[in-house]
Amino acid sequence: MAVHAEAAHHGPPVAHQSSRVNASVLGMFLFIASEVMLFGSFFTAYFFVRVVNHVQWPTPPFHLPIFVAGINTAILVTSSFTMHWSLQSIKRGNRAGLQAGLLLTFLMGLVFLLTQAREYSRVGFAPHDGAFGTIFYCLTGLHGAHVFVGLSILLFMTIRAFRGHFSPENHHGVEIGGIYWHFVDVMWIVVYTTVYII
Amino acid sequence: MRRGSLVQLILVAIAAAAAGTAIALLPNWLPQPASREAGRIHFVFWFLTGICIFIFSIVASVTAYAVVKFRRKPDDDSDGPPIHGHTGLEITWTAIPAILVTAITIVSAIVLAKDDAAGANPLRVNVVAQQFAWSFYYPAYGNKRSGILRLPVHRSVLLRMTSKDVVHSFWVPEFSQKQDVVPGLHPTLHITPTRVGTYPVICTELCGLGHALMRSQTIVMTETAFDKWAHGAQTAAAVGGGGSSIFNQQGCTACHRLAAAGATGTIGPDLDKLAVEAQRAGKPLASFVRESIVAPNAYVEKGYPKGIMPQDFGTKLSKTQLDALVRFLVSSAKKGTK
Amino acid sequence: MTATVASHETHVEHGPRRPPAGWRRLLFPGFLRTAWMVPLFFGIGCGIVVLCRWWGGWHPIWFGEIIVLVAALIAAPVGFLAGIGAFDYWARYAIGAPTVPEDHSGHGAYSWRDYFRVNTDHKVIGMQYLATTIFFFLAAGMLAMLVRAELAKPGMQFFNNQTYNGLFSVHASLMIFLFVIPAFAGLANFVVPLMLGAPDMAFPRLNALSYWLLPIAGTMMLCSFLVPGGAFAAGWTGYAPLSVHQPMGTIFFNMGVQWAGASSIMTALNFLVTIITMRAPGMTFWRMPLLVWANFTTSLLVVIATPFIAGSQFFVMFDRVMHTSFFETAGGGYPLGYQHIFWFYSHPAVYIMMLPGFGIASEVISVMSRKPIFGYRLMALSLLAILVLGFSVWAHHMFVSGMAPWLRVPMMVTTLLIAVPTGIKVFSWLATLWEGKIAFNTPMLWAVGFVSMFVIGGLSGIYLGAVPIDIHVSDTYFIVAHIHYVLFGGSLFTIFAGIYYWFPKMTGRMYNERLGKLHFWLTFIGFNATFFPMHLIGVQGMPRRVSDYDPVFANWNLFISVASFFLGASTIVFLRSRRRRRSSTSTRSRRSSAIPTSTASRGRSTRCSAAVLANRCRWTDARSRRCQRDRHRAEADRGDRAAQGRRRPAGHRYLPRQPAAARLCGVPGHASRSGGPAPGPDGFDTARGRNSRRRLRGRIGSRHRRPRRGRTAGAAGR
Ligand code: HEA
Ligand code: HEA
Ligand code: CUA
Ligand SMILES: [Cu+2]
């Protein structure tokens with residue numbers, strides 16, 4: 001970014017900053033607000049099925065792999081820390097730390113997603129097996145889709161990191177992608193708690 | 001504001017209120033109430049209408065007055081007075097609507113509570129809705145089934161409703177009572193008929209292509225007439241065995257004309273002409289009818305679109321029901337040609 | 001990130017990129033590239049479906065409905081966006097390649113062709129929005145004409161029931177999702193940055209993308225008439241379980257809503273960020289025009305509520321194609337869940353369709369009465385109150401739905417409470433009219449017409465909010481009347497007010513005042529004749545969404561149909577009223593209604609923040625010390641700025657508060673760049689003639705430095 005961004009004019013002329021918050025960061029937070037509401041609509045469906053309709057959870061012949069998913073949770077939570085570390089690194093000018101952190105985060109996210117896919121194929125029920133299966137697949141699947149998007153963003157950040165595009169002065173790309181990744185992580189904890197544990 | 005102009009404004013407001021009152025009183029707005037609930041609901045309606053005429057005449061008169069009186073002269077370039085607000089006024093027009101709205105809420109809540117309270121020992125009727133027909137069951141009378149809702153006058157009735165497929169809605173305008181009928185749920189509705197007569201039962205929730213035709217009737221009768229009807233023997237057709245009752249029950253009436261079943265639908269082909277149609281299709285009558293019901297798309301009558309007639313009668317109807325239905329259609333068709 | 005960092009000094013003039021010659025043209029963003037990218041993505045979509053079904057062992061692997069869903073309704077539109085160039089910049093950025101300076105296409109329009117590109121200029125996007133939405137309005141209106149033709153007589157005339165249901169479903173969906181909501185977004189796109197003194201929206205490329213999603217959504221909904229089984233026919237509400245069992249057209253609704261919803265979320269996000277971070281110096285929240293306030297609250301509603309309709313449509317889609325059990329009782333689903341989720345969006349949506357109109361009305365009424373808006377703060381606060389209350393009333397659409405009975409009274413209370421903040425707005429408009437100097441020109445006619453028509457619609461809403469009455473009239477023509485009084489008499493009237501009001505500013509031309517007024521009166525009469533009797537037949541017992549009805553309503557329906565054709569014909573006047581002589585002469589010759597026509601649609605927005613501010617002060621807290629101080633500061637800064645030409649440091653998370661208003665203002669070279677003269681000091685309070693403007697400037701600004709080029713140029717240009 002720093003390499004070329006200033007060289008050419010890319011948009012409208014600079015605006016007055018009437019808020020201390022950076023526009024892109026604010027945009028990401030608002031986007032996350034609407035993402036939370038999207039999850040909210042899925043949780044509403046969950047509420048209707050489980051609380052209003054009293055569907056058994058999990059419906060008898062089926063089991064939820066709480067333990068495997070728990071390990072998966074741990075992996076995802078750890079990846080949030082590596083993400084944070086890579087951001088801190090670039091803030092201090094440590095490019096190697098940035099690259100390593102992003103790479104680690106990406107790999108952990110990938111492991112999470114693959115484990116989830118494996119879980120789907122082993123769990124023994126399908127989305128069309130009643131409301132329990134429906135909600136299970138749709139909530140975890142919605143989250144999985146977010147992990148997938150997060151991974152794509154991470155991939156792009158990693159490429160740019162290896163191309164040397166971030167610097168201590170200019171790391172919004174990492175910061176914003178990071179915020180999204182933390183959101184995906186926190187959301188998983190909520191999904192895990194509601195779907196698997198309680 | 002000068003005195004004269006205030007008088008003018010008030011005159012305009014009175015004129016507006018008079019016009020509003022005329023609109024409220026001249027046409028027959030609400031249908032003649034035929035239930036106790038309807039009477040109460042109409043009271044809320046008129047109560048609210050009064051408030052609305054009051055508010056609307058204020059708004060309309062101020063607008064009209066301002067627009068006429070404060071028109072800018074063509075060569076006038078000056079500004080209006082730089083008034084930014086007036087706390088007293090603002091409080092007033094926050095408080096008055098708040099008070100009116102509270103009054104409306106209280107009246108509505110009281111009426112709602114009264115309407116929801118069934119009288120002692122209500123007559124229970126189970127209502128089953130399906131695409132595009134109504135069935136009414138009377139558990140107190142051996143689960144007697146009827147396609148028409150018959151009710152005794154002056155006795156409180158508790159309708160317990162459910163749907164077999166999608167959301168429908170039960171409405172009798174004269175009763176002013178309405179309730180959506182949802183699959184999987186059993187909502188209830190209270191009605192206390194007060195007037196003998198025949199009123200329409202209308203489905204008011206979009207339920208598919210036959211929605212517009214999903215109608216039935218409710219007949220409010222005197223207590224004795226109702227008793228007589230209720231204890232009367234079920235006709236063979238009403239028990240559920242007869243082809244004509246299946247025809248009615250399955251909602252065929254919504255789409256087809258068939259004199260033998262009193263059906264006048266116009267969406268599908270005229271089934272009084274079945275014999276001719278079978279000939280045109282080049283198939284024996286009975287197997288043509290059966291095929292048309294089980295797999296309607298196998299042969300599509302010219303001029304009618306494919307895929308309109310529901311495809312699932314083959315699975316919805318039992319073997320015996322299907323046989324009865326086919327027998328009924330074939331016999332009526334043969335009668336028709338004779 | 002891609003900070004819009006540049007200095008004016010280094011800014012180079014650039015038009016749109018020229019397409020290269022030869023086969024490389026195929027790679028150049030534009031319709032040529034979409035021509036091969038759409039089929040390509042369609043093919044990829046088919047491939048994904050076939051592969052997944054083969055891998056999952058499902059039979060058949062070629063399954064029509066899923067192919068349509070994935071390949072035609074998801075992949076192909078993405079291919080369209082990629083082809084037209086909506087993603088070029090981001091794609092390059094993502095892989096770290098150097099971004100081509102203009103690969104997002106330049107700003108502004110230099111010829112009519114530039115309106116068919118991915119253009120990042122907020123004004124061009126505003127125009128694109130308006131043209132597109134008016135097209136869909138006409139389409140949806142024609143469908144309404146067909147509806148009325150069918151209803152002119154009892155019995156079936158032209159269509160069978162399924163087609164009829166499709167007609168009003170598509171009518172309503174287009175009107176709501178492709179006309180009212182985006183038309184407001186388009187108007188706001190044009191004017192909000194100008195009102196804030198911002199150079200553009202915060203994310204211009206995102207802005208362009210959100211526009212280009214609209215034609216996709218609209219085409220999708222219209223195309224549903226072509227698929228087997230006909231258009232989606234479960235109403236614009238698409239209640240489950242009916243929508244789950246309808247023919248294939250329904251997925252066109254499900255996906256069309258997703259695209260339109262994504263578009264409105266992105267726009268709303270953009271507005272919020274713009275309003276929060278890009279206000280001109282001194283433009284505090286309490287000085288923002290009410291239109292900006294209205295868009296701020298609307299955008300909050302959109303960001304919070306819209307995901308819920310996305311969710312509801314996802315569920316229906318899953319129930320259809322994956323046989324899940326969200327709403328299927330057999331599998332343990334809960335059919336009423338759909339309605340709760342849907343209305344949790346769609347009730348706020350009706351305020352999404354009304355609040356921007358409130359903003360326009362405030363603007364027009366105050367300017368045309370030459371008075372500041374009455375009770376400015378309470379007006380803004382009542383918007384916020386409607387925002388908050390709007391989230392707590394969704395179940396008033398479900399009073400008869402069979403939901404938990406105890407929910408009805410609380411929902412009735414909140415529903416009726418909304419009358420209070422709305423009443424504040426209505427009475428404040430009336431008070432603004434009072435003792436004003438009212439110019440009764442076309443925009444004002446629409447605005448005043450709006451007030452009274454909306455009050456009728458709102459009062460019928462109060463009938464509906466009172467549960468006992470709703471039990472009687474729910475799902476009857478009384479509702480249809482309510483819908484049209486609030487949406488047509490409310491939203492549409494204000495959209496027309498806005499279009500007429502800003503037409504000169506947008507196009508540099510004047511509309512024909514006489515035809516404009518004619519348009520209003522014809523519409524006003526036609527509208528009332530069409531929709532008022534609907535109250536009556538509804539209460540008397542005519543249900544909605546029926547193609548056939550009891551013959552006792554025949555006379556009224558015939559009357560309504562005839563009136564509606566009259567109403568439709570009045571739209572022709574609207575189409576005629578806009579092509580008119582060049583403005584310079586016409587505005588001058590009718591000074592009383594002079595809408596300055598300064599900013600042409602092409603070229604860049606002005607950044608005359610000091611001027612914007614001066615204007616706002618007059619409308620809000622002109623007399624306060626604080627405002628004067630801010631204004632002095634802004635003007636002084638401008639001086640500094642011109643002298644120093646400093647650059648903003650790039651890429652800090654917390655930027656220091658910008659000391660200089662200046663970089664926004666009157667920089668030589670920019671005002672002259674715009675296709676026309678820069679807007680005058682009071683960019684937006686347009687009703688005044690030249691004299692009054694000069695006087696005004698004398699009143700509040702005479703002791704201070706005279707404006708520099710941008711301003712004088714603007715004034716002279718008029
Ligand atoms: C622009 C869109 C818009 C707006 C602004 C409104 C505003 C309101 N609406 Fe409406 N509504 C719709 C669009 C809108 N609606 C649509 C599209 C439907 C149908 C959906 C469908 O099923 O297809 C619908 C349906 C609908 C229903 C469901 C009916 C049913 O299906 O059974 C209800 C019920 O409560 C309702 C109520 C209200 C109320 C109380 C307001 C209030 O906000 C109105 C407030 C305004 C005023 C009251 C007037 C001004 C106030 C004063 C002058 C102050 C003094 C007033 C008093 C003291 C009363 N609306
Ligand atoms: C912004 C919203 C909006 C607008 C502007 C309109 C505008 C119109 N609407 Fe619509 N309508 C809705 C939103 C809207 N509607 C909604 C939400 C529903 C509920 C749907 C549901 O139940 O799911 C509905 C339902 C609805 C129904 C009820 C259908 C039913 O329940 O069975 C009817 C019936 O009369 C109707 C009629 C009209 C008419 C005549 C117009 C007219 O004002 C249109 C005028 C415009 C034009 C005609 C177009 C341009 C004209 C020309 C191009 C010139 C040539 C024209 C000719 C004269 C032929 N509408
Ligand atoms: Cu049943 Cu409409
Ligand atoms: Cu609502």
Side-chain angles (χ1 to χ4, degrees), chain B residues 27 29-31 41 44-45 48 52 55-56 59-60 62-63 66-67 70-72 74 76-85 90 93-94 97-98 101 104-105 108-109 111-112 166-167 169 173 176-180 182-185 187 202 204-209 211-212 266-267 307-308, chain C residues 156 160-162 229 234-235 239 241-242 329 335-336 369-372 374-375 378 400-402 409 412-413 416-417 419-420 423-424 426-427 430 433-440 448 451-452 455 459 463 466-469 471-472 474-475 536 539-541 543 545-548 592 689 691-692:
Chain B
W29 280 83
L30 292 153
I41 289 175
V44 185
F45 185 89
L48 198 43
C52 287
I55 289 166
F56 186 73
V59 173
V62 173
T63 314
V67 158
F70 305 121
R71 198 68 81 75
R72 178 192 305 173
D76 182 0
D77 248 352
S78 61
D79 285 341
I83 306 166
H84 284 270
E90 286 169 36
W93 64 51
T94 311
V101 156
I104 300 170
T105 314
S108 300
V111 166
L112 195 62
V166 301
V167 184
S169 190
S176 284
Q177 285 284 66
K178 180 181 292 119
Q179 178 61 55
D180 281 10
V182 189
L185 298 185
I202 303 173
T204 56
E205 186 64 67
L206 181 60
C207 52
L209 63 158
H211 164 64
T266 51
I267 295 175
I308 296 283
Chain C
M156 310 305 293
N160 63 34
N161 289 19
Q162 185 77 3
Y239 276 10
L242 177 65
T329 32
L336 281 185
S369 322
R370 293 192 177 169
K371 276 180 64 196
F374 193 96
L378 204 56
V400 297
S401 71
V409 170
M412 167 165 74
V413 173
L416 295 187
L417 266 184
V420 175
I424 292 175
V426 170
F427 296 127
L430 295 184
L433 286 177
W434 199 255
E435 301 207 317
K437 302 273 180 184
I438 298 176
F440 218 42
V448 172
V451 174
S452 44
V455 167
L459 292 177
Y463 281 82
V467 183
I469 302 180
I471 289 176
H472 178 62
S474 180
D475 276 317
L536 180 65
V539 168
Q540 286 180 341
R545 294 170 166 174
V546 292
S547 50
D548 184 11
S592 60
N691 293 344
S692 72

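Naming convention: chains lettered A, B, ... in sequence-line order (proteins, then strands); numbering from 1 in each chain. Computed over heavy atoms, backbone and side chain alike; hydrogens, waters and symmetry mates excluded.
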Tell me, for [X] versus chain C, whether the close heavy atoms (under 4.5 Å) come from the side chain, the backbone, both or neither.
X: Ala60(B); answer: neither
X: Cys207(B); answer: backbone
X: Val182(B); answer: side chain

* Structure fact -> Whatever's closer than 4.5 Å to a heavy atom in chain B on Val409(C) counts as side chain

* Given that the side chain runs from C-beta out, which part of Tyr239(C) has a heavy atom under 4.5 Å from chain B: side chain, backbone, both or neither? -> side chain

Looking at every non-hydrogen atom in both residues, tell me the closest pair between [X] and [Y] and how far apart they are.
X: Tyr463(C); Y: Leu48(B); answer: CA-CD2, 3.5 Å
X: Pro543(C); Y: Ile202(B); answer: CG-CG2, 3.6 Å
X: Ser108(B); Y: Ala466(C); answer: OG-CB, 3.5 Å
X: Phe70(B); Y: Leu433(C); answer: CD1-O, 3.9 Å
X: Gly235(C); Y: Leu206(B); answer: N-CD2, 3.5 Å

* Asked: Taking side chain as C-beta onward, heavy atoms only, is Ile41(B) less than 4.5 Å from Pro468(C)?
  -> yes

* For each of Leu430(C), Val413(C), Leu378(C), Val400(C), tally heavy-atom pairs with chain B at distances under 4.5 Å, and name the one with the top tally. => Val400(C)

* To do: Could you check which of Lys437(C), Arg545(C), Gln540(C), Met412(C) has the highest count of heavy-atom pairs closer than 4.5 Å to chain B?
  => Lys437(C)

* Passes side-chain contact (heavy atoms from CB on, under 4.5 Å), Ile424(C) versus Glu90(B)? Steps please. -> CA-CA 7 Å; Ile424(C) 292 175; Glu90(B) 286 169 36; over 6 Å; no

* Chi angles and distances behind the side-chain contact (heavy atoms from CB on, under 4.5 Å) call for Leu242(C), Val167(B) -> CA-CA 7 Å; Leu242(C) 177 65; Val167(B) 184; over 6 Å; no

* Phe374(C)-Trp93(B) aromatic ring centre distance below 6.0 Å -> yes

* To do: Take Ser401(C) and Asp180(B), measure what side-chain contact (heavy atoms from CB on, under 4.5 Å) needs, and give me the verdict at the end.
  => CA-CA 5 Å; Ser401(C) 71; Asp180(B) 281 10; 4.0 Å; yes

* To do: Please lay out, stage by stage, how Leu209(B) and Asn160(C) fare under the test side-chain contact (heavy atoms from CB on, under 4.5 Å).
  => CA-CA 8 Å; Leu209(B) 63 158; Asn160(C) 63 34; over 6 Å; no

* **Any donor-acceptor N/O pair, Lys178(B) side chain to Ser474(C) backbone, under 3.5 Å** => yes

* Structure fact -> Answer key: most heavy-atom pairs under 4.5 Å with chain C among Pro31(B), Pro187(B), Gly184(B) is Pro31(B)

